[in-house]
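Taking it in order: structure first as structure tokens, then the write-up.
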Protein chains: 4
Amino acid sequence: MARNPRLRDHVAKGLLDTAARVLAERGEQAGMTDIAEAAGVARATLYRYFPNRDALLEALTETALAELAERIADAHLDTVPIPEAIARLTRAMVGATSKYRGLVIFRKPPDVAKEADRHFTGPLGDLFARGAAEGAFRQDLPPTVLVELYIALLEGAISRVLQGRLGTEEASTAITKVFLQGALNGRNGSGPPGL
Amino acid sequence: MARNPRLRDHVAKGLLDTAARVLAERGEQAGMTDIAEAAGVARATLYRYFPNRDALLEALTETALAELAERIADAHLDTVPIPEAIARLTRAMVGATSKYRGLVIFRKPPDVAKEADRHFTGPLGDLFARGAAEGAFRQDLPPTVLVELYIALLEGAISRVLQGRLGTEEASTAITKVFLQGALNGRNGSGPPGL
Amino acid sequence: MARNPRLRDHVAKGLLDTAARVLAERGEQAGMTDIAEAAGVARATLYRYFPNRDALLEALTETALAELAERIADAHLDTVPIPEAIARLTRAMVGATSKYRGLVIFRKPPDVAKEADRHFTGPLGDLFARGAAEGAFRQDLPPTVLVELYIALLEGAISRVLQGRLGTEEASTAITKVFLQGALNGRNGSGPPGL
Amino acid sequence: MARNPRLRDHVAKGLLDTAARVLAERGEQAGMTDIAEAAGVARATLYRYFPNRDALLEALTETALAELAERIADAHLDTVPIPEAIARLTRAMVGATSKYRGLVIFRKPPDVAKEADRHFTGPLGDLFARGAAEGAFRQDLPPTVLVELYIALLEGAISRVLQGRLGTEEASTAITKVFLQGALNGRNGSGPPGL
DNA sequence: AATGAATGAGGGTTCATTCAT
DNA sequence: TATGAATGAACCCTCATTCAT
């Protein structure tokens with residue numbers, strides 16, 4: 001009785017996990033039926049935990065973003081040079097998102113914008129802002145565009161990881177390498193340090 | 001009666017155009033009703049031309065890919081150096097897709113794989129194969145991965161163009177620059193040294 | 001083709017008839033399923049004619065009230081003395097409503113108020129206003145209360161007719177007699193001694 | 001343990017009170033959830049006292065009718081003349097029902113018939129039987145019909161009281177007056193001219 | 001050939017009811 | 001005993017698809 005809320009949260013988490021998996025497999029058009037079925041509960045039970053489909057999706061997004069934020073925080077991006085920071089960020093995101101399927105995280109911008117901005121664009125924006133301030137990036141493209149391209153690479157990589165067309169490590173390494181070489185400022189002749 | 005097939009094809013083309021427009025406007029969840037309505041015909045008529053929704057989407061993909069292939073062919077990629085080829089290819093793709101909305105072109109991979117491979121992976125694969133043969137690409141990543149990343153960038157760029165977050169030219173230029181600097185082999189003195 | 005609208009209206013009328021019957025039988029909580037089933041069509045077909053449950057109920061009410069209004073108009077209440085007018089009105093209403101079940105006509109006041117006022121309260125109000133003006137009614141009760149009681153009698157009578165506990169004629173006669181003797185002005189020496 | 005049944009009955013009574021209140025407020029479509037919530041117990045607890053919704057409604061009706069019967073008994077209808085008896089009866093019923101909301105008492109006839117007949121039709125039937133025997137009622141309508149009309153007036157009055165369209169006293173007085181004048185035997189020279 | 005009409009299957013949601021603690 | 005959790009059945013509604021004209 002004392003850990004009733006605990007239990008409840010635990011079940012809810014389990015349902016979210018299942019939902020993540022099912023949405024990843026069947027696509028965003030998977031129905032409540034599919035999710036409930038996959039979770040081994042009745043549809044009505046699913047509704048006990050999430051009052052409607054949107055609530056579930058929202059909770060899913062929130063969870064995914066929270067996990068992501070935690071990983072990003074753990075990476076202490078602000079204590080290392082830009083290249084290393086991007087390498088860490090990439091690994092964090094590709095790793096974290098393999099579970100929550102890119103499509104969920106990178107869903108309709110208006111829908112997630114609020115939460116995403118809080119958890120995600122924040123740190124990422126900080127990182128790129130620092131890079132720009134340090135003159136680490138190439139000067140012929142605005143940092144905002146670089147951010148967009150980086151996210152595009154991430155999305156693509158995550159999507160391919162989820163499809164099994166790329167391994168997690170392989171994908172992380174590849175986009176880190178390509179993006180760093182492609183985006184960093186090569187003026188010091190040095191180039192990014194080895195990964 | 002002799003040009004019945006002609007006429008039929010012509011009408012089908014018109015329906016596909018409408019479908020492309022409606023799907024672009026209303027998103028992939030636009031219904032047959034919307035399409036038929038927008039085309040000014042009855043739903044049943046739409047079904048006379050495309051036996052079911054999937055057939056329509058397939059035809060749409062096919063058409064889009066064909067248009068794309070034409071543009072790519074027109075670019076004569078094989079007559080110019082790799083960097084220029086990639087620049088042309090990028091412009092062609094970003095430009096072409098504005099009509100058929102990325103989501104249609106880059107639909108569920110298993111669905112489109114067949115057609116895409118025929119029209120699209122073909123030339124694109126040729127290009128990257130030539131690049132690999134010429135040693136134009138960095139050696140620490142397999143060409144297939146580079147192709148994936150390139151496509152990821154394209155998808156992201158197109159998506160952002162469609163959302164109005166990036167201009168067509170801006171997007172083309174940016175991904176060309178970043179991808180080239182990031183993917184090309186820097187041994188010829190340019191770019192940062194290999195990672 | 002020419003009588004397409006005709007046909008459509010005809011079918012819609014049929015569905016309304018069935019709906020009236022089913023709602024009368026199963027009560028207001030009868031579902032779209034019941035109605036469609038009773039009409040021998042698929043539920044989706046029912047929705048072709050009435051976009052949702054409320055629309056159907058509204059149409060039903062409207063139809064019932066229209067029929068009622070027609071009957072009332074035919075009765076030319078303003079050409080006869082009050083007692084005869086009330087007798088006619090009663091017959092008209094009890095007769096008309098046997099089909100559309102009182103519950104439909106006398107539904108939630110806020111819901112039907114608009115239409116009801118237009119068709120129904122109008123003539124009825126006129127009649128009682130005239131009666132009041134002529135001094136036909138007893139003076140110890142306000143005419144508005146008399147209207148309410150009259151309607152209450154009507155509702156009760158109709159309900160009992162629908163339940164088969166009273167015959168149509170029997171009910172009409174009874175409430176006419178009782179209401180007239182009870183509501184008319186007995187100044188002509190009649191009426192039981194005062195309470 | 002000895003007064004377990006006592007306690008049980010006491011709780012059940014409390015639940016019925018709450019149910020009466022909630023049903024009066026939210027209408028007959030109030031759910032078990034609403035009732036349990038308003039009573040401050042879990043839904044399952046409600047089910048321990050009333051095995052299902054119908055049982056609860058039945059118990060509610062039973063209670064209401066019992067209360068009614070008590071009031072009627074208190075009125076000692078058989079000790080006063082018919083007109084006074086009807087006046088008392090009317091006040092008793094209109095007053096009593098404010099709590100149990102007419103809709104509960106006058107529910108689907110087949111459902112309540114059993115109970116109603118036992119508690120309610122009994123005394124009321126007795127009253128009208130006496131009236132008929134005394135020759136108090138008009139002779140041109142059978143007493144059974146008069147009973148029906150009287151109940152119809154009661155229902156209507158109660159309903160209007162509950163809707164706030166009529167005051168309790170106002171309603172009681174009005175239907176008493178109208179019904180008496182309308183139903184009593186006018187042999188003493190009264191009555192409106194023949195229809 | 002084109003269409004209005006009809007439909008079955010499914011989607012989200014609610015609610016009375018049962019189960020297990 | 002009281003309760004939170006779980007559930008199945010039903011409801012309203014939509015949409016891709018088929019039928020008959």
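For the numbers below, each heavy atom of this structure counts, side chains included, while hydrogens, waters and symmetry mates do not. So that the names make sense, note that chain A is the first sequence line, chain B the second, and so on, each numbered from 1.
A straight line from CG of A/Leu7 to P of F/dG4 spans 13 Å, rounded to a whole angstrom. Rounded to a whole Å, the CZ atom of C/Arg8 is 17 Å from the P atom of E/dT3. Look at CD1 on A/Ile35: it is 8 Å from P on E/dG12, rounded to the nearest Å. The CD atom of A/Glu37 sits 12 Å away from the P atom of F/dT7 (whole-angstrom rounding). What separates CD of C/Glu28 from P of F/dC11 is a distance of 15 Å, to the nearest Å. Rounded to whole Å, atom C1' of E/dA1 lies 13 Å from atom CG of B/Leu15.
Counting only heavy atoms from C-beta outward, the side chains of C/Leu23 and C/Leu57 approach each other to under 4.5 Å. In this structure, the side chains of D/Val41 and D/Leu15 come closer than 4.5 Å at one or more pairs of heavy atoms. Side-chain contact between D/Arg21 and D/Thr18 is present, with heavy atoms from C-beta onward closer than 4.5 Å. The closest side-chain heavy-atom distance from D/Leu16 to D/Phe50 is below 4.5 Å.
Residues satisfying the side chain to side chain contact (heavy atoms under 4.5 Å, CB included) criterion with D/Ala44, sequence neighbours excluded, are absent altogether. Under the salt bridge (charged side-chain N to carboxylate O under 4.0 Å, His left out) criterion, D/Arg48 pairs with no residue, sequence neighbours left out. Contacts of D/Ala42 classified as side chain to side chain contact (heavy atoms under 4.5 Å, CB included), with partners at least two apart in sequence or in another chain: D/Thr45. Qualifying side chain to side chain contact (heavy atoms under 4.5 Å, CB included) partners for B/Asp9, counting only residues two or more places apart in sequence or in other chains: none.
Terminal axes of the helix from E/dA2-F/dT21 to E/dT21-F/dA2 (five pairs each, C1' rotation axis) are separated by 30°, to the nearest 10°.
In this model, the phosphate group of E/dT7 is approached by a side-chain N or O of C/Thr45 to a distance below 4.0 Å at OP1 or OP2. Close to F/dT1, at under 4.0 Å from its OP1 or OP2, lies no side-chain N or O of D/Tyr49.
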Treating primed atoms plus P, OP1 and OP2 as sugar-phosphate and everything else as base, which nucleotides of nucleotides 12-21 of chain F get B, S or - for protein heavy atoms under 4.0 Å?
BBBBBBB---
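Each of B/Leu46 and C/Ala42 was matched to the nucleotide of DNA chain E holding its nearest heavy atom; the match closer to the 5' end belongs to B/Leu46.
The shortest non-hydrogen separation linking A/Gln29 to A/Arg53 is C-NH2, 4.1 Å.
At the heavy-atom level, C/Val11 lies nowhere under 4.0 Å from the strands shown.
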